[in-house]
Protein chains: 2
Amino acid sequence: MKHKLRRGISATLEWMTTADPPSSLRERRKLRTRQALAETALALFSEHGFDNTPLDTLLEEVEVSRRTFFRYYRSKEDVAFTAVKWFWSTFLPVLDETEKSGRLADILRDAVLATLDRMDEEWYPRFSATLELIERSPALNGHSLRHCAEIQAEIRRRIGAPDSLEARLLVEFSVTTWRGALEEWLPEGAPGDLPRCVQRAFAAMDRSLRVQVCSPESPEA
Amino acid sequence: MKHKLRRGISATLEWMTTADPPSSLRERRKLRTRQALAETALALFSEHGFDNTPLDTLLEEVEVSRRTFFRYYRSKEDVAFTAVKWFWSTFLPVLDETEKSGRLADILRDAVLATLDRMDEEWYPRFSATLELIERSPALNGHSLRHCAEIQAEIRRRIGAPDSLEARLLVEFSVTTWRGALEEWLPEGAPGDLPRCVQRAFAAMDRSLRVQVCSPESPEA
DNA sequence: GGAGCAAATGCCACACTGTGGCGCTTTCCG
DNA sequence: CGGAAAGCGCCACAGTGTGGCATTTGCTCC
């Protein structure tokens, strides 16, 4: 039963990180319907909105039965998250390869940047389309935040650091900062800008704890 | 359409923050069924698990039709969150009253502590029961995170601070830290310990950015 | 106190997501 | 070529959430 919790990530890793072209004809067919589902879903959801697109529409379009769909993806939300999952499934191995010395915040930031470097051109438009989708649908937003929580747990497991409260907070802060970078990047959406946004966000993270506020009565900085 | 996003919070505030005893008999009846639903839901969910408790069970217990239930609560998740919503609907006014000068992080921490001070004895067991529920149900977890995001937006709106990236990050960090405090508090669950956990978590927040890691090869701090 | 009125409720039917059982077809491999 | 296994589709079902409409209940004005 524990498998169920981890299956999401490990099963994803299983077929995403193996770059070997699937020799078997059967495997190639499976991969094709997988991608067809993900692509068509992203297109349909982007056009009509996530909540206004019944799953049946997607199923008719790809000509797949409902039963089959749920053998590929666990939920309607899941099929919209391919680009996001692809990012994190690349990130985790990158993090494993990273030499872990210095400030944990810097390590995570650099791993994010290195991961971005590995994304190909096709990924960026799909990713930003997914982000827009998430922003406009509460259901997807919840799914996204839950997914981030899973990622955080996985990151904590992989960095050899002690499971202190500080370390846990920092991992959460870093993922939050990553989301902040995305929010700044999204309106423009130029692929080259994303690393810069990440840099700026992580720099802002350092400053944020020292942010001062003053009442309207005493309005000096 | 934008109303939908804000209705959750403002409608909640509407009936939660008005401390006047509802004079009208009708209003009293409504309040009674509201509370009966929340109480019974918490009891049923705690006993059988959130996912294993069909909504119909709750409806039969409270003797309320499905249609009526959804006029009181927007979802099955919603009815389980009464204690959480109560906390935040107390927090926001407290935050408004707070004199806003100094470090934003300190302001938020103190507002949280002041809010805890206003919670009565009955609230604590319900709150911790709710937290346990959230921990054990992915659906509730997602709902909780989405709710936190709404709260963060509301906090940002209420502090007069400029909507800088730093400020936004800090608000998110603070809510995350609050959740971290809850995670530490939950196992024991003694009401008196919660403020201490909050203090500790916010202190850890300051330190977290400086957390160092070192590879197994070079194991010096 | 009674009549009208508005709010609250209950009942019915429906759309949508997700799951389990079962049998058929396709692919693989000896 | 033939059996085994994997993939797939069809059907039926549970559960959540919504809309329409009639009915009851409490409120208010006369």
Side-chain angles (χ1 to χ4, degrees), chain A residues 1 3-4 7-8 11 14-15 21-37 41 44-45 48-81 133 137-143 146, chain B residues 1 3-4 7-8 11 14-15 21-37 41 44-45 48-81 137-140 142-143 146:
Chain A
M1 277 304 155
H3 293 95
K4 261 207 167 174
R7 192 184 51 169
E14 204 172 331
W15 72 270
S23 48
S24 143
L25 195 152
R26 203 180 251 172
E27 293 300 318
R28 265 180 292 163
R29 269 191 61 85
K30 276 171 59 175
L31 196 58
R32 245 185 347 129
T33 54
R34 259 206 123 86
Q35 293 178 339
L37 282 171
L44 287 177
F45 294 162
H48 307 106
F50 180 79
D51 302 301
N52 300 327
T53 310
L55 195 53
D56 296 333
T57 309
L58 173 61
L59 302 183
E60 289 168 16
E61 192 81 14
V62 192
E63 288 179 312
V64 164
S65 80
R66 182 196 309 295
R67 197 68 184 82
T68 303
F69 172 84
F70 283 104
R71 287 196 186 96
Y72 283 96
Y73 297 97
R74 277 178 302 176
S75 65
K76 184 185 169 191
E77 288 84 21
D78 201 31
V79 73
F81 269 72
L133 235 52
S137 161
L140 278 180
N141 207 335
H143 193 80
R146 206 160 75 229
Chain B
M1 274 306 161
H3 292 97
K4 261 205 165 175
R7 195 185 50 169
E14 203 173 332
W15 72 270
S23 46
S24 137
L25 195 153
R26 201 180 252 171
E27 292 302 318
R28 265 179 293 163
R29 270 189 61 85
K30 276 170 61 175
L31 196 59
R32 252 192 334 141
T33 54
R34 259 207 125 85
Q35 293 178 339
L37 281 170
L44 286 177
F45 295 161
H48 307 107
F50 179 79
D51 303 299
N52 299 329
T53 310
L55 195 52
D56 297 333
T57 309
L58 173 60
L59 302 183
E60 289 168 16
E61 191 81 14
V62 192
E63 288 179 312
V64 164
S65 81
R66 181 197 307 295
R67 197 70 183 83
T68 303
F69 172 84
F70 281 105
R71 287 197 186 94
Y72 282 97
Y73 297 97
R74 278 179 303 175
S75 65
K76 184 185 168 190
E77 287 85 19
D78 201 29
V79 72
F81 269 72
S137 161
L140 279 180
H143 193 80
R146 206 160 77 229

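Residue numbers start from 1 in every chain, and the chains themselves are labelled A, B, ... in the order their sequence lines are given, proteins ahead of strands. Owing to the predicted nature of the structure, the values given are computational and were not obtained by experimental measurement.
When side chains are defined from C-beta on, T68(B) counts as touching R71(B), because their heavy atoms get closer than 4.5 Å. Residues L37(A) and L58(A) are in side-chain contact: their nearest non-hydrogen atoms beyond the backbone lie under 4.5 Å apart. For the pair F81(B) and L140(B), the minimum side-chain heavy-atom distance is below 4.5 Å. Between V79(A) and F45(A) the shortest side-chain heavy-atom distance falls below 4.5 Å. Between Q35(A) and L31(A), the closest side-chain pair of non-hydrogen atoms falls below 4.5 Å. K30(B) places none of its side-chain heavy atoms less than 4.5 Å from the side chain of R34(B).
Bending across the helix from dG1(C)-dC30(D) to dG30(C)-dC1(D), expressed as the angle between its end axes from five pairs apiece, amounts to 20° (10° rounding).
Side-chain proximity of R26(B) to the nucleotides dA7(C), dG10(C), dG7(D) is greatest for dA7(C). With distances taken from any side-chain atom of K30(B) to the nucleotides dC8(D), dA8(C), dT16(D), the minimum falls on dA8(C). Closest to the side chain of R67(B), from the set dC22(C), dG19(D), dC21(D), is dG19(D). Comparing dA6(C), dT18(D), dG9(D) by their nearest atom to the side chain of F70(B) picks out dT18(D).
For the pair R71(A) CZ and dT19(C) P, the computed distance is 12 Å after rounding to whole Å.
Nucleotides of DNA chain C nearest to R29(A) and T68(B) differ in position, and the one nearer the 5' end is that of T68(B). Nearest-nucleotide positions on DNA chain D for K76(B) and V64(A) put V64(A) closer to the 5' end.
The residue Y72(B) sits close only to the backbone: its heavy atoms come under 4.0 Å of sugar-phosphate atoms, none of a base.
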